Amino acid sequence: MFLYKYYTNINENELIETFFTKLLKSSQKLYKLKLNYQKIIYFIEKVVIKLGGTSMEKPIIQIENLTTSFRIKDHYHAAVDNVSFSVNENEIVAVVGESGCGKSALALSIMQLHSKDRTKMEGAINFKGKNLLPLNEAQLNKVRGKEMGMIFQEPLTALNPLMMVGKQIEENLDYHTKLSKEQKKTRTLELLSQVGIPYPELTYKQYPHELSGGMRQRVMISIAIACNPDLIIADEPTTALDVTIQAQILDLLKSIQQKTQMGIILITHDLSVVAEVADKIVVMYAGQVVETGTVREILKNPLHPYTKSLLHSIPSAITDKSRLHVIEGIVPSIAKMDRVGCRFKERISWIPEEAHEHSPELHEVETGHWVRCTCYQHFHFQDEKGEMITHDIT
Amino acid sequence: MTLLKVEDLKVHFPIRGGFFRTVVDHVRAVDGVSFELEEGETYGLVGESGSGKSTTGKAIVKLNKVTSGKILFEGQDIANYSSRQIKPYRRDIQMIFQDPYSSLNPKKRVLDIIAEPLRNFERHSPGEEKKIIQDYLDKVGLSPDSIYKYPHEFSGGQRQRIGIARSLTLKPKLIIADEPVSALDVSVQAQVLNFLQDLQEEFKLTYLFVGHDLGVIRHMCDRMGVMYRGRLVEEGTSKEIYNNPQHIYTKRLIAAIPDLEPSVREEKAIARQKVSEEYEQSYSKYFDEKGRAYDLKPISTTHRVALP
Amino acid sequence: MKLKGYSKVLSVMAVSALLLAACNDDTEKAGTKSPDKNKPTKEVKQEDAAAFPRTTSNTKEPLEDGHVNYGLVSDTPFEGILNYSFYEGDPDWQVLRIFDEGLLATDEDYVFNQEGAATYELKNDNKTMELTIRDGVKWHDGKPVTGEDLEYAYLVIGNKDYTGVRYDTQMAMIEGMEEYHAGKADKISGIKVEGNKISFTFKEANPSVLTGLWTYPLHKEYLKDVKIKDLVESDKIRKEPIGFGPYKVKKIVQGEAVEYERFDDYWKGKPKAAGVTLKVVNNSIAVKSLQNGDLDLATVNADQMDSAKALGNIEILGNLELAYTYIGFKLGRYDAEKEVSVMDRPKMQNKQLRQAMAYAIDNNIVAEKFYKGLRFAATSVIPTAFPKYHNTEMEGYKFDPEKAKSLLDEAKYVDKDGDGLREDPNGEKFTINFASMTGTDIAEPLSQLYIQQWKDVGLDVQLVDGKLAEFNSFYEMLQTDSEKVDIYQAAWGTGSDPDPSGIWAKGASYNYTRWVNDKNDELLKQGISAKAFDEDYRKDIYNQWQELVHEEVPVIPTLFRYEFEAANKRVTGFDLKFFDWSEIGVTEAEPVK
Amino acid sequence: MWKFILRRVLIMIPQLFILSIIVFAMAKAMPGDALSGKVMDPGISPERIEELRDQMGLNDPMHTQYIRWISNVAQGDFGQSYTHKTKVMNVIEDRVWQTVYLSLFTVIIIYALAIPLGILSGRYNDTWIDKAITGYTYVGFATPTFIFGLIVLFLFGFTLDLFPTGGTVSSKVDEGTFAYFLSKLNHMVLPAFSAALISTVGVVQYLRSEVVDNKLKDYVRTARSKGIPESKVYSRHILRNSFLPIAAFLGYEITGLIGGSIIIETIFSYPGIGQLFVTSISLRDFSVVTALVMLTGFATLLGTLLSDIILSAVDPRIRIE
Amino acid sequence: MGMNVETVTTAPPKEISPSGMKVIWREIRKDRMAMISLVVLGIVLIAVYSAALFIDKDAVARVDVFSIYMDPSSAYWLGTDYGGRDVFKQLIIGTRNSFSISLGITVLTALIGLSAGLIAGYFGGWTDNIIMRVIDFVITLPQMMFIIVLVTIIPKFTVTTFILIMTLFLWTGKARLIRSKVLSERELDYVHASQTLGTPHWKIILYHILPNVSSLIIVNFTLNLAGNIGLETALTFLGFGLPESTPSLGTLIAYATNPEVLEYRWWIWLPASVMILILMLSINFIGQALKRAGDARQRRG
């Protein structure tokens, strides 16, 4: 597995080469070394980890205090507000929340696909040791598609209707590899069969509208993984699909990940999907991370009122017929949001004001399990009268 | 008591083709479906997109033309009624639509939206009308002040509740709910589902619940039918279907439901794999040469499966 | 076919008018049968103060290798029927006359003289006319023009397969022509050919032959292979025409332009210029093209006159046209069965009413203001362009509204209901319906002016259908004696024959007024009797006739007109009346700008 | 594909039939026939006119005339032109090519101007360059073609003396030579530009809104996520999709120009079918008028067909079996 | 670049605001050009229509041989034409006539197009098929030629007949546009809802679908109004326009056919051309603002 990855990742070979040639050549170009310093360190660390076979997790991407603001009528409003988390190799991190919570905005922020003239981004996206935020468009283009792929929700609109499916996959190779025409085609066919398309040769020449929803999503995936990226961002990849197809696509993603060790950021609103595939969960509400932790931890022991409420409102396939939980009110729109205090306050009005923090912080309640605002300690469902659910903090 | 009985319902759409654009074939959207609804129960129709479940629902409210078969409502076959004949039945059979955004006319006030069926069937003074509507708004948990507002001023869940209020004003006996929550967020979905349950109790409603989310169907329905390519492949109580699926398609469908328990994911994946393989192997056993499911055969008093 | 009481005197205003439909009613030359003339024989008396010269003033010697650019002013391409026997539109005629001509030339009064390519002699009590073609008159292919060629023209025109419009009553006057036309004979007995001599014998003597005989030969040898019914479509007429005029056709760009080169063997000697380029130009850009020297010669229309006059590099030449504009009164209808006009419409029957209407309009103002002096008030129905027959004593109806009013009072057309408009003698509302045609810019205000002036004397005149009629509808109304029309404004081209029978005789279908008058018929008959070979006698008859028309006013002649041609100052030898291309040359290599 | 074309052609038959009836009825409804003009020539006797009328069958019952006419038309014979004294097809043949050349040239200019303008305007929407281009389209939209044509004619034709002011070719050059071709082009410059400048408006506006629309499409986002340079995002994705309706427009554009040639040809004394139409209608040469209307109608039908074929060729979503 | 804000707000997708007039007004106020246009158009129309009340139309059409082709002066603000008629007064009446004609054509085509489009789109099937075949056919006709032929055939050619002839050919575009919109509207659930609620078809068409296509109609109406102002100019130029006794902007502009007028007497045709430009541009700007108001994605406010 590892060797395969190593072998195909031309990037790293190049790096070693440049490192040594630059070192040996002239001192005049030493400043260039500085530029690559972080990257080299990252690389060395990676090599060391891999050679040593330690299970110590090393993040592919670290998002630090990322804030993305959109301009609406001359004012900037943060849709992604001070979000930090990281994704390790071979890890699936699910970002969960209702629509309007900023998950998709986050996904597009990482890829920096927002319209530049109406978006403001702050913080850092450290991807393989390099901050992506200050990069210009051309530099970003070397990362996008090559080291970082994206899968979108609606595969029909996300594929160019006038371009043969094969060509759309090849396009990725056009700009990131130096493969010959035949090699590209071979690689594309290989990718198509890798994502479980039964007749790659035929599908290569088909147009998106000629494929079923599931097939299209497979094509999307093959576009995203064409250059063996280290990270894939999947924005609601199964929402538009039937449940059987959803299962297939999720299985496919997992099996690809096993082969390539890539990290996946899975954006979804469906907690049962999360339960199926994710390793870590980031729960977002109103642009903020309100709770994060491992899947097992969060699903077994949800702490934040929002997470709890969400879990209780699922008409689960396992639990029997009973009343579902309802979260009062609606997700505030980013332009109208009150940015002071706990953002979930209004929807749990029966919880006393004092329970909330003045400016809510993330608290680590267990290793790797973080919860925002102290209100979780005092939270109870509205019908569970008065009974405090306290949680001991270790 | 049987409220609705659907017998061998077929809805075919013509496919035009060939040189003269003649009808060369039909899309058999619904191809011989039979089921019954007892008064007061909730019956679920579940299946993939394109399985014909929505078409079946729409055929019952005459939004789709019935090709053949019977739709017996309180014993009367309304399948081929003209729009005039059907009018009295419109009061008794109402529909809740999937998309809360498109199902309310954006140019109308809530008052006019909810009053539309009333105005078609009953005469009320504006004062009475307003009162009736405010009552219904109250029942679906919306403020009576909102009658002068427009749909866009409401959230998706609220809109869906306005749609529900509209369908209630004529005091129907049967409500066809066509994926009423699939466009909503989980939390809002919960709200609407709760309401539907409350209202059923209050108004003694019978629901035909069409959906693709097996969780929701399970949660809502007493009995359910699984549809595949315009045919019912299995019918039974929710418990029977979930715990003891007999048809390979049902099995596959159940296996695909993601589980909230992360610890069982590996087992589930393996199980899914097994069902999938079985599906491939025994496809011909469950479907005839044309890929059509067989007619339903009872395996218990409540449980029927499409087996050869 | 019955011989009708008119001869082929009148020229074809209709044909030229066809092209005016959408644009002009005053531009075109009376085409078909105005034969060319070689040299001006005497000074023409200019009757009007407008006094435009008729010839170019440049007297320098033309350049041997000069090239003339001629602008055919037309809003449409020329159709390309380049033969006298077949063409219909004026533009074709303009193309045609550069390379082909008639055998007889005419004098100032449009009467044949002896200076053309042929000479003639009247014999047999004026019943026979014999033409002798000069030696050395050659077609462009070098073959001599013979009597047979002219005969062939008659054989073609008279043939039942002939598709053109030239077969008319004058043709039918030749002995044996009707039999030939009916297909009963394969020769025309009245035409005898002897080498370069050809003689025509007519059924009766008629002075019109001296103006109206068909003298355009067809190149028999060249054309005889083409069936008569196919002639009009043949390339020999459309693409490679052969004539015997001063220039040969070198190249034709269909509809747009023609390149000519000098015909060295022209019977009158070498033409003055080495070549001519004819180019179709839009009326709206003609003056501009003259200004920048693209054209040496081009017709100038009244609406362009101001800008043309302002140009320093051209000379504007004027010539009286054989035409007059008039206002006609519909007095009856044409009985097609009996083929006579019947004067049975009472409305405009009152002579005093007609006279009053004539007095009420001011033609001088129209001429001066609308036409800027480029036209002048008409006095008679034989235009001044016909010096020999125009009655110079005539003064026409001078603008006199008071007289008009008193005439109307006398005729008992008085205003009884006090609305300022007169009622008819029975006290009924009296509205006169006036038909007029669309044309140049001036058409509409002109008709409005007439209506206003009639209103000033108390007459209610309205445009038929409230608008100017479009050309075809207009003439259809006149021909069918539409009840909608009481009076109308139109124009006649008189042609080169002085005999007015064609539009004035009782039996003439073109007598649109349907005016019937015994004295008129008698005078017309006398005018073309054998006696009328005596010029003074004929002149006297026509003087009397003009006076009769003036007195009875079936029409009010309104305007006489000039045609105008602008010539670049380098052009020499140009005479607008005779338009003799062989004389036209240029004295500078480059046009004056 | 062939089936589709054949079917479309079959559909054209009833359309052509109705068109022919309307056209024929119109021709008959025109005041006067071709001979009423000749009636005014005093040299021709009314008997001769009647004789000619009979000869031409103008006195037959309507349906006989129609059947005769339509069966001739079916064989490409539109009868005789009364003013041109030759077969209508000959007259039209002489002119139609001029109009076709002019239209083609105009189409080339239209697209050569409109495509870059539309792309610029759409790509940089709401910038000054977009505003300038949109401003131009507004003014172009509001300018009467013939005023523009006249001004161009006087400015470039006369005042600056840069281009010829009438005709299709100089009479001084010989057919088949390169000079002849150049002369033809030279004569087409003014009319083609005048026709094009205003016709570009539609294409520019259309293209602009297409580009603006497509810019926001999901697949563009996908393309960006592949790390493709911006210029390629435009050329391979946005523009290709934006050109779709424009390409489909081509068929209509050409036939539209044939109709629009009426004004342009009149202004520039360009002897094509537009000018022929105006002349013929004035002269009541109804066989030419009907032929022209029929043929342009036919051409428009073909244009629609062409548009559909182009569309199906460039858009894989439209399937033609 | 790709994303727009809508994806991150909770605003419902493709909202057409019910308080349409408010949105329209807000949009026009946001757009300076539209605001200026509205003011200019208002002033021009009020001025022209009220001034036309005080102008004696017969006097304007009256020929005065003593004042042919006068230059602009205090008596004749824009000089006179070849009939000695006051150009300025003709401009006033002409503007009124041209605008009224345009309005007439637009209203008529809108009515016909709307009815045809609504019926075809709503009922579909055979009804749709027949209406669409008719529309296809009319679109296939060489319109300019047909209009010219009709103008020549019709004996009394007046403003009314002109409007009718134009309407005959111009309704199809609208019908198509509205049909396609209705087709998509018909598939929306609120129409299905009304059907299941027992609302009759005509009521659904009039009270449900019509209000929802209204923004499209308003926008299209305005843009057409602008387009139709210049409609008769070309015909007048070719000599198939309105008679001079009915002055229009077209008749004034057609004076420019005479090169003398074009070059030396610009005051006859230029003001009319400018007037057309002003009218068309201002209506167009308003129309563009309306278009934005109808399309949430492009709204500025």
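Note that the structure is predicted; figures quoted are calculated from it, not measured. Quick note on labels: first sequence line is chain A, next is B, and so on, each numbered from 1. Hydrogens, waters and symmetry mates play no part in the numbers below; they use all other heavy atoms, side chains included.
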Within-4.5 Å side-chain heavy-atom neighbours: [X] and [Y]:
| X | Y | answer |
| --- | --- | --- |
| E:P200 | B:N120 | yes |
| E:T196 | B:K58 | no |
| E:Y207 | B:K108 | yes |

* Structure fact -> Heavy atoms of E:A193 and B:S103 approach each other most closely as CB-O, 4.2 Å

* Asked: Between atom CG of B:D112 and atom NE2 of E:H208, what is the distance when rounded to the nearest 0.5 Å?
  -> 9.0 Å

* To do: Among B:R166, B:M95, B:R91, find the one that has a side chain to side chain contact (heavy atoms under 4.5 Å, CB included) with E:L197.
  => B:R166

* Examine whether an atom of E:S214 lies under 4.5 Å from a heavy atom of chain B, and if so say whether it belongs to the side chain, the backbone or both; otherwise answer neither. => side chain

* To do: Between chain E and each of B:Q94, B:E116, B:K87, B:R119, count heavy-atom pairs under 4.5 Å; write down the option with the most.
  => B:E116

* More than 12 heavy atoms of other residues, nucleotides or ligands under 6.0 Å from NZ of B:K70: is that the case? -> no

* To do: Not counting sequence neighbours, which residues clear side-chain contact (heavy atoms from CB on, under 4.5 Å) with B:S54? List them please.
  => B:D178, B:V210

* Contacting moiety of B:L104, where chain E heavy atoms sit under 4.5 Å -> backbone

* **Side chain / backbone / both / neither for B:F121 at chain E, heavy atoms under 4.5 Å** => side chain

